Amino acid sequence: QVQLVESGGGSVQAGGSLRLSCAASTYVYSNVLWGWFRQAPGKEREAVASIWTTTAYYADSVKGRFTISRDNAKNALYLQMNSLKPEDSANYYCAQAQGITPWNGNWARPSAFKDWGQGTQVTVSS
């Protein structure tokens with residue numbers, strides 16, 4: 001089972017930027033579905049962005065502001081977050097889904113992802 005460790009969270013003012021990183025304990029093949037999810041207090045976990053091979057998928061709420069990327073050589077996943085808003089505040093989780101394609105909404109479905117990190121907190125103040 002792969003271990004995932006997120007880093008890069010913190011507190012920023014609205015309009016600021018953060019870059020989240022996720023380190024995997026094992027080699028990550030390009031056809032592994034890898035994603036970022038977030039969960040705010042009292043809310044359900046929701047998809048932020050996922051990547052499968054070189055194709056990225058984004059939630060409408062972050063399109064144009066967030067960019068997901070991966071570095072297979074470093075077994076790492078990243079999320080560049082720009083123009084942050086207070087509503088982006090949440091605990092952000094990295095997750096992997098082996099043998100799952102992103103189609104039919106899988107990229108945004110938490111139940112499709114088997115391996116999860118512990119999360120990193122992002123707080124955006126107005």
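None of the values given here were measured: they were computed from a predicted structure.
- Here the shortest heavy-atom pairing between W107 and F37 reads O-CZ, 3.9 Å.
- Between D71 and Y78 the shortest side-chain heavy-atom distance falls below 4.5 Å.
- Within the structure, the side chain to side chain donor-acceptor pair (under 3.5 Å) test picks out the following pairs touching residues 10-36 (sequence neighbours left out): S17-N82.
- Q80 places none of its side-chain heavy atoms less than 4.5 Å from the side chain of F66.
- Smallest separation of non-hydrogen atoms from A49 and Y58: CB-CD2, 3.6 Å.
- Remark: R70 is not positioned above the aromatic ring of W52, lacking an NZ or CZ atom under 6.0 angstrom from the ring centre and at most 45 degrees off the axis.
- For D88, the salt bridge (charged side-chain N to carboxylate O under 4.0 Å, His left out) partners two or more places apart in sequence, or in a different chain, are R38, R65.
- Side chains of Y57 and I51 form no contact here, defined as non-hydrogen atoms less than 4.5 Å apart.
- Remark: E46 CD is packed, more than 12 non-hydrogen atoms of other residues, nucleotides or ligands lying under 6.0 Å away.
- Applying the side chain to side chain contact (heavy atoms under 4.5 Å, CB included) rule to K43 yields the partners A40; only residues at least two apart in sequence or on another chain are considered.
- In this structure, V2 and A24 approach most closely via the heavy-atom pair CG2-CB, 3.9 Å.
- Remark: side-chain polar atoms of E6 are paired, donor with acceptor, to backbone N or O of C94 under 3.5 angstrom.
- Contact annotation: the side chain of F113 never approaches that of R45 to less than 4.5 Å [non-hydrogen atoms, C-beta and beyond].
- Looking at heavy atoms from C-beta onward, Y93 lies out of side-chain contact with P110 at the 4.5 angstrom threshold.
- The backbone N or O of T101 sits less than 3.5 Å from a side-chain atom of N106, completing a donor-acceptor pair.
- With rounding to the nearest 0.5 angstrom, the CE atom of M81 is 11.0 Å from the OG1 atom of T67.
- The shortest distance between side-chain heavy atoms of Q96 and L4 falls below 4.5 Å.
- In terms of heavy atoms, P102 sits closest to L33 at CB-CD1, 3.9 Å.
- In this structure, Q121 CD and S89 OG are separated by 7.5 Å, a value rounded to the nearest 0.5 Å.
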